[in-house]
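Structure, as structure tokens:
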Amino acid sequence: MNQGYKHYNILTSSDNNLVPAMAVSLTAMAKNLTHARVDFYLLHSQITPENIQMLSIICNGYGNIMFHEVRVKDPEAYDPLVQAGRWYRETYYPLCAHWLLPDSMDRVLYLDAGDTLVVGDIEPYYNCDFEDQFLVVTPQRYKLKAGMPVPYEPDDIADRNKLSDILEGLFNSGSYMINLKKMREAGIDIAWYCYLTEQLRKSRSEEEEGEPVYFGDQGLLSAAFVGHLKYYGYPEIRDRWYNPYNFCVGYYAQVDRKPDYEPSVIHFAGVPFKPWRAKYPIFPERFARVGGEAREMSELKPQQLEYYFLWLEYLFLTDQVLSMLGY
């Protein structure tokens, strides 16, 4: 590797529906990490060979992304988590990334498939010291202790009120760093997550019966590793809106001003609809809108529009690149 070049392991998990949007994310990654080599790992169990080929072609075309397909061989093992969290199997594959990825890897950056864009330098987040914690996360929830915001602790899971917060998610799971080495050493596996899920199910009150046990993956991960999460920027920064590496565009539904940092990872979360569903003046035919009819841009906050048009720029660039590659 040339001097000055950086290296990143980046992971996502997806089904066929999000492949076109994933190609857009890869374009943003390639264009904004030009002085880096990226090993990009895709966990899946049902993506078609044609779509795998397309993703491989676009990565090879950019030159700085090496594409790795990782097919999950026992997807049904994740079904207890699906039933408890009410999300798709693909949501939960990254929880066992330490067994699915090469043993030589000690860390990986997980990014949500399709609705994240790398738009700046990710090195501070990627190379952050784990401090012997399982994950590095961008927090969305603190508790107060002596009037100060602090992370939740393991004992909090026994407090019913605090458990409710934990199961909603202490952090947003659109972007987080996984300590693969520590996960392996701790022997975390799918059976362990299923056992935890069953214990959480048993602890619910009668009023909670029939409701999801936890919110998607972030609720389960929060319960699994409460007290063993490194909040990025903490303790110097104790602001749940400080998310430079997982800037949720839904921020503007709560706050009118721009954040006092430049986001490096954009996450289209907390918004009325995903960027591929917006009713743009022009939309390339090869990219079908997933999830229904096009939605009016007027549903968005004015500050959110720039991110949707940024996504559209990368969409057109992706379309051009695929055409040039003869795909």
Side-chain angles (χ1 to χ4, degrees), residues 10-34 38 40-71 87-91 111-119 174 247-250 265-327:
I10 297 180
L11 167 73
T12 197
S13 180
S14 183
D15 60 11
N16 265 311
N17 289 331
L18 289 177
V19 167
M22 197 191 312
V24 179
S25 296
L26 287 167
T27 296
M29 195 181 297
K31 296 302 179 182
N32 291 294
L33 299 177
T34 54
V38 175
F40 180 78
Y41 294 85
L42 169 62
L43 307 183
H44 79 98
S45 57
Q46 57 173 305
I47 296 178
T48 63
E50 294 78 13
N51 275 337
I52 292 295
Q53 182 185 33
M54 186 269 282
L55 294 173
S56 179
I57 285 173
I58 197 168
C59 287
N60 289 338
Y62 286 128
N64 59 338
I65 303 179
M66 180 68 69
F67 179 75
H68 304 272
E69 174 195 5
V70 182
R71 182 176 286 273
W87 286 15
Y88 299 109
R89 285 174 173 173
E90 289 77 10
T91 303
L111 295 175
D112 264 358
D115 68 347
T116 54
L117 291 178
V118 174
V119 296
F247 179 70
C248 296
V249 181
V265 177
I266 305 298
H267 184 197
F268 292 89
V271 288
F273 51 85
K274 299 299 184 181
W276 51 85
R277 292 191 61 194
K279 186 178 285 187
Y280 303 108
I282 306 175
F283 198 83
E285 290 184 5
R286 82 164 80 224
F287 294 99
R289 287 186 172 88
V290 178
E293 296 297 320
R295 300 277 292 271
E296 297 291 343
M297 302 289 278
S298 58
E299 296 182 53
L300 301 171
K301 299 289 184 180
Q303 303 97 323
Q304 294 170 343
L305 291 173
E306 67 174 281
Y307 299 104
Y308 279 71
F309 284 113
L310 176 64
W311 186 89
L312 185 64
E313 288 181 28
Y314 285 117
L315 173 69
F316 277 110
L317 181 55
T318 304
D319 188 49
Q320 294 170 7
V321 169
L322 287 172
S323 294
M324 290 172 56
L325 294 172
Y327 189 85

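The chain is numbered in sequence order, starting from 1.
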ask   = Does Met66 have any side chain to side chain contact (heavy atoms under 4.5 Å, CB included) partners at least two apart in sequence or in another chain, and if so, which?
value = Asp39, His68

ask   = Who are the ring pair (Phe, Tyr, Trp, His ring centres under 6.0 Å) partners of Phe40, not counting sequence neighbours?
value = none

request  = Starting at CG of Leu55, measure out to OG of Ser25 and round the result to the nearest 0.5 Å.
outcome  = 10.5 Å

ask   = Are the side chains of Thr318 and Leu322 in touch, meaning some heavy atoms are under 4.5 Å apart?
value = yes

ask   = Would you call Leu42 and Val70 a side-chain contact if the rule is heavy atoms closer than 4.5 Å?
value = no

ask   = For Ala113, which residues count as a side chain to side chain contact (heavy atoms under 4.5 Å, CB included) partner, sequence neighbours excluded?
value = Thr12, Ser14, Leu18, Met22

inquiry  = Less than 4.5 Å apart, side chain to side chain, heavy atoms only: is that true for Leu11 and Leu111?
reply    = no

message = Do Gln53 and Ile57 make a side-chain contact, defined as non-hydrogen atoms from C-beta onward lying under 4.5 Å apart?
response = yes

message = Show every side chain to side chain donor-acceptor pair (under 3.5 Å) that has at least one partner inside residues 55-66, sequence neighbours left out.
response = Thr27-Tyr62

key: Residue list, salt bridge (charged side-chain N to carboxylate O under 4.0 Å, His left out) with Glu296, at least two apart or on another chain   = Lys279

query = For the side chain of Thr116 and the backbone of His267, is there at least one donor-acceptor N/O pair under 3.5 Å apart?
reply = no

inquiry  = Nearest 0.5 Å, please: how far is CG in Leu117 from CG in Leu26?
reply    = 10.5 Å

ask   = Taking only residues two or more places apart in sequence or in another chain, which ones pass side-chain hydrogen bond (donor to acceptor under 3.5 Å, both in side chains) with Gln46?
value = Glu90

ask   = Considering only heavy atoms from C-beta outward, does the side chain of Leu43 approach that of Arg71 to under 4.5 Å?
value = no

query = Who pairs with Glu299 by side-chain hydrogen bond (donor to acceptor under 3.5 Å, both in side chains), at least two apart in sequence or on another chain?
reply = Arg295

inquiry  = With a 4.5 Å cut-off on side-chain heavy atoms, are His44 and Asp15 touching?
reply    = no

note = residues 314-327 vs salt bridge (charged side-chain N to carboxylate O under 4.0 Å, His left out), sequence neighbours excluded, gives Arg286-Asp319

task = Please step through side-chain contact (heavy atoms from CB on, under 4.5 Å) for the pair Ile10 and Tyr41, ending with a clear verdict.
result = CA-CA 6 Å; Ile10 297 180; Tyr41 294 85; over 6 Å; no

inquiry  = So, using side-chain hydrogen bond (donor to acceptor under 3.5 Å, both in side chains) as the criterion, who are the partners of Tyr307 when residues are at least two apart?
reply    = none

ask   = Between Tyr327 (side chain) and Val321 (backbone), is there a donor-acceptor pair under 3.5 Å?
value = no

Inter-residue atom distance Trp276.CH2 - Leu312.CG, 0.5 Å rounding = 14.0 Å

task = Given side-chain contact (heavy atoms from CB on, under 4.5 Å), test Phe247 with Val265 step by step and report yes or no.
result = CA-CA 6 Å; Phe247 179 70; Val265 177; over 6 Å; no

inquiry  = With side-chain contact (heavy atoms from CB on, under 4.5 Å) as the criterion, how do Leu300 and Phe273 come out once you've worked through the C-alpha distance, each side chain's angles and the decisive distance to 0.1 Å?
reply    = CA-CA 9 Å; Leu300 301 171; Phe273 51 85; 3.8 Å; yes

inquiry  = Using the salt bridge (charged side-chain N to carboxylate O under 4.0 Å, His left out) criterion, which residues pair with Asp115? Sequence neighbours excluded.
reply    = Lys274

query = For the side chain of Asn51 and the backbone of Val19, is there at least one donor-acceptor N/O pair under 3.5 Å apart?
reply = no

task = Start with the C-alpha gap between Tyr314 and Asn32, add the side-chain angles, then the distance that decides, and say whether side-chain contact (heavy atoms from CB on, under 4.5 Å) holds.
result = CA-CA 11 Å; Tyr314 285 117; Asn32 291 294; 2.8 Å; yes

request  = Would you please indicate yes or no on a ring centroid separation below 6.0 angstrom for Phe268 and Tyr308?
outcome  = yes

Nearest non-hydrogen partners of Asn16 and Pro20, listed with the distance = O-CD, 3.9 Å

ask   = Less than 4.5 Å apart, any side-chain heavy atom of Phe316 and any of Ile282?
value = yes

Any residue meeting side-chain hydrogen bond (donor to acceptor under 3.5 Å, both in side chains) with Thr91, in chain and number order, not counting sequence neighbours = none

task = Could you list the residues that satisfy ring pair (Phe, Tyr, Trp, His ring centres under 6.0 Å) with Phe67, not counting sequence neighbours?
result = none

ask   = To the nearest 0.5 Å, how far apart are CG in Leu33 and CD1 in Ile65?
value = 7.5 Å

